[in-house]
Amino acid sequence: MDHQPMKSIHAGELRAEHIGQTVTLAGWVGRRRDHGGVAFVDLRDGSGIVQVVLNPDNEPASDDVLHGLRSEYCIQVEGEVTPRPEGTVNRDLPTGEVEVVASNLTVLSPAAALPFQLDDRSDVDESLRLKYRYLDMRRGRMAANLVARSKAIRAMRNVLDREAFLEVETPTLIASTPEGARDMLVPSRLRKGQFYALPQSPQLFKQLLMIGGVERYYQVAKCYRDEDFRADRQVEFTQLDLEGSFWGQEDVLTVLEKIAAEVVRDLRGEDIELPLPRLTWTEAMDRYGSDKPDLRFGMEIVDLSDAFADTEFKAFTGVLGDGGTVRGINAGALGLARSGLDALTTRAQELGAKGLVWMVVEEDGSLRSPVSKFLSDEERGAIVTRLDATYGDTLLIVADATKVARAVLGQLRLDLGQPTGHDELSFAFIVDFPVFDVGDDGSLSPAHHPFTAPASLEDLVNTPESAVSKAYDLVLNGSELGSGSVRIHDPAMQAKVFEVMGISDEDAESRFGWFLEALRYGTPPHAGFAFGIDRLVAILQGEPNIREIIPFPKTQTGADPLTGSPGRVDESQLEELGIEIAPAVLESWAAAEAGDTPE
RNA sequence: GGGGGCGUGGUGAAGCCUGGAGUUCACGCCGGCCUGUCAAGCCGGAGGUCGCGGGUUCAAAUCCCGUCGCUCCCGCCA
């Protein structure tokens, strides 16, 4: 018997060229316009929408069926593609020149009344959308985002295939390493009391692939980090992970540029300018107060310290005497009243600054400010010149430790200047990251994983606080898309770095001994990168958070309103795993079930 | 761990500040009319523990406290 397809063409594909054809369509009932006699149905499938004309004269189905259609019924329609009558063409619809006059209508599956409307006119509460995600993704927004995500990943694969990369999968049940983010743990039944961890990234496995002779590797990899959620952070997310042998930083950045360009072209039909701009970490911090600067706007931070070398203004002399800095931004013509300017001071203090000096440039070039009278003519002149200030501009100055001044001005810059939306794209590489973050108390903590090659082992040992590593980030519109580095391929160097990072020999041996050994068998120099696909697509789609890009995301408290995860498990399951729930937890469950206030 | 915002028929909002009958608007739903609409139209109708608990008050959607859920942010995310 011949196969009879349920549909002969997709609804959104119909055009004038199909006029005269008899087609079979299948999809969902979108909007209905029932005139009692003739009725119109917008038939929607994955490709788009076409208007179906249900005329009782043609008897496509019984009157009860024709007028009993409801939103989201799944239907099949057979009919002729016809030109729309004079004056009824719908220019807003790609299929608007034609309509399908139904000769046969079958209800494949009726739909209950919907928990929310599927039009795009109202913002439905997100937890409701997530509970009914399968309905939410019938709406234009989610449907378009799923397409965009698929296109983005396809573009990445296209580039990497052309560059002769091999796609390799790595395990998702691996050993836990306490460094970095909290691991998601999975208990082992065969080895009671022991746990796998879900990977935060395929880091060590891809390095093993390099040692194993896979010279170009990539993977669309699920990664897991058990930390608190943000608009751009989920406990489970997807990275494009890649690595290459006989490679250095330059090779990685070049491939990343090709990927970025291809994804943007395929999703938006735009070309981005290559090569992408590069800033060193220090430059980014000094000019933008951030290691993920939004370069779509200027408002750069300017160092004014030397202009106040001999100042009488005590707030500045104290800071400069303590090795601090005086820096400022020109926030432009904000037009703020005194209360608004004072609010900026409050904001600066919330961000950790001791205070904020604001100045407004008057028509005669003088500076209106509470502290103006403490400054000399030369100092006021220097401020205006350095900040390139003109009439109406609001200037904001912070005197503090360098780290604080950068951070506060960097955030104020975003508060006051960051564009909304993502119509414009501004990629950049940030290179030469420091090896260590310096804490407020001067303590050092590793800024990235210990397999990152230092720029100089000598510097790392002698001046660790200022040592630079061969690590780099890709940034887009003020968001960190991902990071990578040149890796250590020498076991002696690796051992030394563990030592400097405060990982003892025993620790290194017990946790990474297998990896140190692997490095001994002819490890090629290698480098790589990993970046967040969810974040990239969210920005390219102009979405405010990555949940819009993830088909089935979790809420901020880690729950899935649709399936009810996470949930409790049977006592028998726990027994098999050798796990008991702590008494305090059992008590809080009991209290909650009794309607009491859980502790 | 901390700070901010939100929670009102199925959906979205207004009402809350300044307490006075579950009031209003749009959409949806149900019924009726309607043979060229495209956010179809017209008429009628149903639908509520104002998240939950406590307190103040003669009186609470409204004020106070607690709690739960969602969300944004700080911490955290080598």
Side-chain angles (χ1 to χ4, degrees), chain A residues 30-43 49-58 63 66-68 70-72 82 84-93 95-96 99 101 112-132 135 177-183 200-201 203 223-235 237 350-352 407 411 414-415 433 435-437 444-452 469 471 480 483 485 497-498 501-503 532 544-545 547 554-559 561 591-592 595-599:
Chain A
R31 294 205 154 269
R32 278 170 299 127
R33 294 171 292 280
D34 188 342
H35 290 244
V38 72
F40 301 90
V41 163
D42 290 335
L43 180 77
I49 284 175
V50 73
Q51 172 163 283
V52 171
V53 182
L54 301 173
N55 191 324
D57 302 342
N58 302 329
D63 275 11
L66 289 185
H67 300 296
R70 294 293 181 269
S71 286
E72 298 305 308
T82 63
R84 290 205 182 187
E86 189 90 25
T88 64
V89 168
N90 187 342
R91 301 281 169 209
D92 297 332
L93 230 49
T95 61
E99 59 192 12
V101 179
L114 302 169
F116 56 89
Q117 289 163 254
L118 300 192
D119 61 42
D120 289 324
R121 283 194 293 158
S122 51
D123 276 335
V124 179
D125 181 71
E126 198 178 338
S127 54
L128 194 65
R129 290 176 55 204
L130 292 184
K131 183 175 178 185
Y132 297 97
L135 296 178
T177 54
E179 291 83 15
R182 201 175 287 113
D183 278 327
Q200 298 177 25
S201 79
Q203 183 60 36
C223 302
Y224 304 83
R225 293 179 191 172
D226 190 7
E227 299 293 348
D228 286 355
F229 287 64
R230 288 284 190 285
D232 62 353
R233 278 162 37 187
Q234 285 264 312
V235 68
F237 60 102
E350 284 167 6
L351 293 168
Q411 186 57 51
L414 291 177
D415 289 353
F433 270 70
V435 176
F436 292 103
D437 292 327
L444 299 180
S445 56
H448 34 254
H449 62 67
F451 314 104
T452 300
S469 61
E480 179 197 322
S483 54
S485 62
V497 167
F498 278 146
M501 294 207 160
I503 301 172
N545 65 67
R547 292 186 302 277
K554 309 222 178 334
T555 66
Q556 197 164 47
T557 52
D596 294 347
T597 305
E599 185 48 38

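In this text the structure is predicted, and so the values were computed from the model without any measurement. So that the names make sense, note that chain A is the first sequence line, chain B the second, and so on, each numbered from 1.
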Side-chain-base donor-acceptor pair under 3.5 Å for D42(A) and C38(B): no
Can you name the salt bridge (Lys or Arg N to Asp or Glu O under 4.0 Å) partners of R225(A), sequence neighbours left out? none
Nearest-Å distance once atom P is located in both C30(B) and A46(B): 16 Å
At under 4.0 Å between heavy atoms, how does the protein contact nucleotides 72-78 of chain B? Give one character per nucleotide, 5' to 3', with B, S or -. BSBBBBB
How far, in whole Å, is A78(B) from C72(B) if one measures between their C1' atoms? 26 Å
To the nearest Å, give me how far apart CG (D123(A)) and C1' (G7(B)) are. 16 Å
Closer than 4.0 angstrom, basic N to acidic O: yes or no for D228(A) and R233(A)? no
Between G22(B) and G9(B), how far apart are the two C1' atoms, rounded to whole Å? 10 Å
Pairwise C1' distance, U62(B) and U18(B) [rounded to whole Å]: 10 Å
Using a heavy-atom cut-off of 4.0 Å across all strands, would you classify L128(A) as base, sugar-phosphate, or nothing? sugar-phosphate
If we take the C1' atom in both G36(B) and G28(B), what is their distance in whole Å? 24 Å
T177(A) side, atom OG1; Q200(A) side, atom CD - distance, nearest 0.5 Å: 5.5 Å
Between C6(B) and G45(B) - P atom distance, rounded Å: 35 Å
I'd like the C1' distance from C16(B) over to G7(B), given in whole Å. 13 Å
Between G20(B) and G2(B), how far apart are the two P atoms, rounded to whole Å? 35 Å
Is any side-chain nitrogen or oxygen of R33(A) closer than 4.0 Å to OP1 or OP2 of A40(B)? yes
Under 3.5 Å side-chain donor-acceptor pair for H448(A) and S485(A): no
Any T557(A) side-chain N or O less than 4.0 Å from OP1/OP2 of C70(B): yes
Can you give one letter per nucleotide of nucleotides 24-36 of chain B, 5' to 3': B if a protein heavy atom sits under 4.0 Å from the base, S if only from the sugar-phosphate, - if neither? ---BSSSS--BBB
